[in-house]
Amino acid sequence: MQLSDFINQALKFIERGTVDRKSKFRLPILASYNENTINQRIVIARKFDGNENSLIIFTDRDSQKFNELQTNESCSLLFWDAGKKMQVYIQGVAEIMDEDSRVLFWKNLSESQKKDYQIEPPPKTNIQTHNDYQFKDTSDRFCCIKIFFKSMDILVLSNNGHQRAIYDFKSQKQDWVTP
């Protein structure tokens, strides 16, 4: 396989994850930084833009990840598909999207999806019992975050020999590297 094909294949899997609910690339792990702690959580890949090499995710403005990404825009995404034995690691920069984008995405959510951003009290607030929360009819906490890819590290495990490559999106430098 050619190096450029290997890299493009990884990007196609990321893009596929935004439209195929069964794709293993639908649920990457997002890592962000808070003071002296790296925090990780699973997010849903919502929209990929191949022209600007970015991925959109949604979050709650009162969530820990929103505060971390607003304070420190550096983050990473980790995709894993056990069937393909493929891992894709992205280093990126997060940007809070504008109000017009937020309103557009909000309109396209189902009522049950909207409820995820209407829970009161906000995420990680102590409550008395597991269901001691309500829903507030508002969209003010819904937020869209766009993660611009800086670099990508692709690893495919195989009994016939592992393959690994790195790619820098700014310089477009690509290299095979040892797995």
Do Q2 and S4 meet the criterion of a side-chain donor-acceptor pair at a distance under 3.5 Å?
no
Other residues, nucleotides, ligands: >12 heavy atoms within 6.0 Å of L27 CG
yes
Measure from NZ or CZ of K84 to the centre of the six-membered ring of F13 and say whether it is under 6.0 Å with the direction within 45° of the ring axis.
yes
Can you confirm whether R61 is buried at CZ, in the sense that more than 12 heavy atoms of other residues, nucleotides or ligands lie under 6.0 Å from that atom?
yes
Check N67, N39, T71 against N34 for a side-chain contact (heavy atoms from CB on, under 4.5 Å) and give me the one that passes.
N39
Are the charged groups of K150 and D168 less than 4.0 angstrom apart, N to O?
no
Cationic N near anionic O, under 4.0 Å, E15 to K12:
no
Are F66 and L77 co-members of a hydrophobic cluster defined by side-chain heavy atoms under 4.5 Å apart?
yes
Between V88 and M152, is any pair of side-chain heavy atoms under 4.5 Å apart?
yes
Do L157 and M86 sit in the same hydrophobic cluster, where Ile, Leu, Val, Met, Phe, Trp and Tyr count as joined when their side-chain heavy atoms come under 4.5 Å apart?
no
Is it the case that over 12 heavy atoms from other parts of the model lie below 6.0 angstrom from the NZ atom of K47?
no
How long is the straight-line distance from OG1 of T138 back to CD of E120, given to the nearest 0.5 Å?
8.5 Å
Distance, nearest 0.5 Å, that separates CD1 of I145 from OG of S63
6.5 Å
Quick check: is I90 connected to L3 through a chain of hydrophobic side chains (ILVMFWY, heavy atoms under 4.5 Å apart)?
yes
Salt bridge (charged side-chain N to carboxylate O under 4.0 Å, His left out), paired with D60, selected from K136, K115, R141:
R141
Verify whether the ring centers belonging to F25 and W80 lie closer than 6.0 Å.
no
Does a sphere of radius 6.0 Å around CG in D137 hold more than 12 heavy atoms from other residues, nucleotides or ligands, not counting ones at 6.0 Å or beyond?
no
Just how far is it from atom CZ of R16 to atom CG of L11, taken to the nearest 0.5 Å?
15.5 Å
Looking only at side chains, do K65 and T59 share a donor and an acceptor under 3.5 Å apart?
yes
Under-4.0 Å salt bridge between D175 and K173:
yes
Does I119 belong to the same Ile/Leu/Val/Met/Phe/Trp/Tyr cluster as I42, with side-chain heavy atoms less than 4.5 Å apart forming each link?
no
Separation between CG (L69) and CG (L30), nearest 0.5 Å, reads 5.5 Å
Quick check for you: to the nearest 0.5 Å, what is the distance between L55 atom CG and I57 atom CD1?
7.5 Å
Taking the six-membered ring for Trp and the full ring for Phe, Tyr or His, determine whether the centres of F58 and F105 are under 6.0 Å apart.
yes
CD (Q134) with more than 12 external heavy atoms under 6.0 Å:
no
To the nearest 0.5 Å, atom CD of Q91 lies from atom CZ of F149 at 12.0 Å
Please tell me whether L78 and I44 are part of a single hydrophobic cluster in this structure, the criterion being side-chain heavy atoms less than 4.5 Å apart.
yes
Can you confirm whether F6 sits close enough to W176 that some side-chain heavy atom of one is under 4.5 Å from a side-chain heavy atom of the other?
yes
Check the orientation of W106 and Y117. Use parallel for under 30°, tilted for 30 to 60°, and perpendicular for over 60°.
perpendicular
Answer whether the closest heavy-atom distance between the side chains of E68 and N72 falls below 4.5 Å.
no
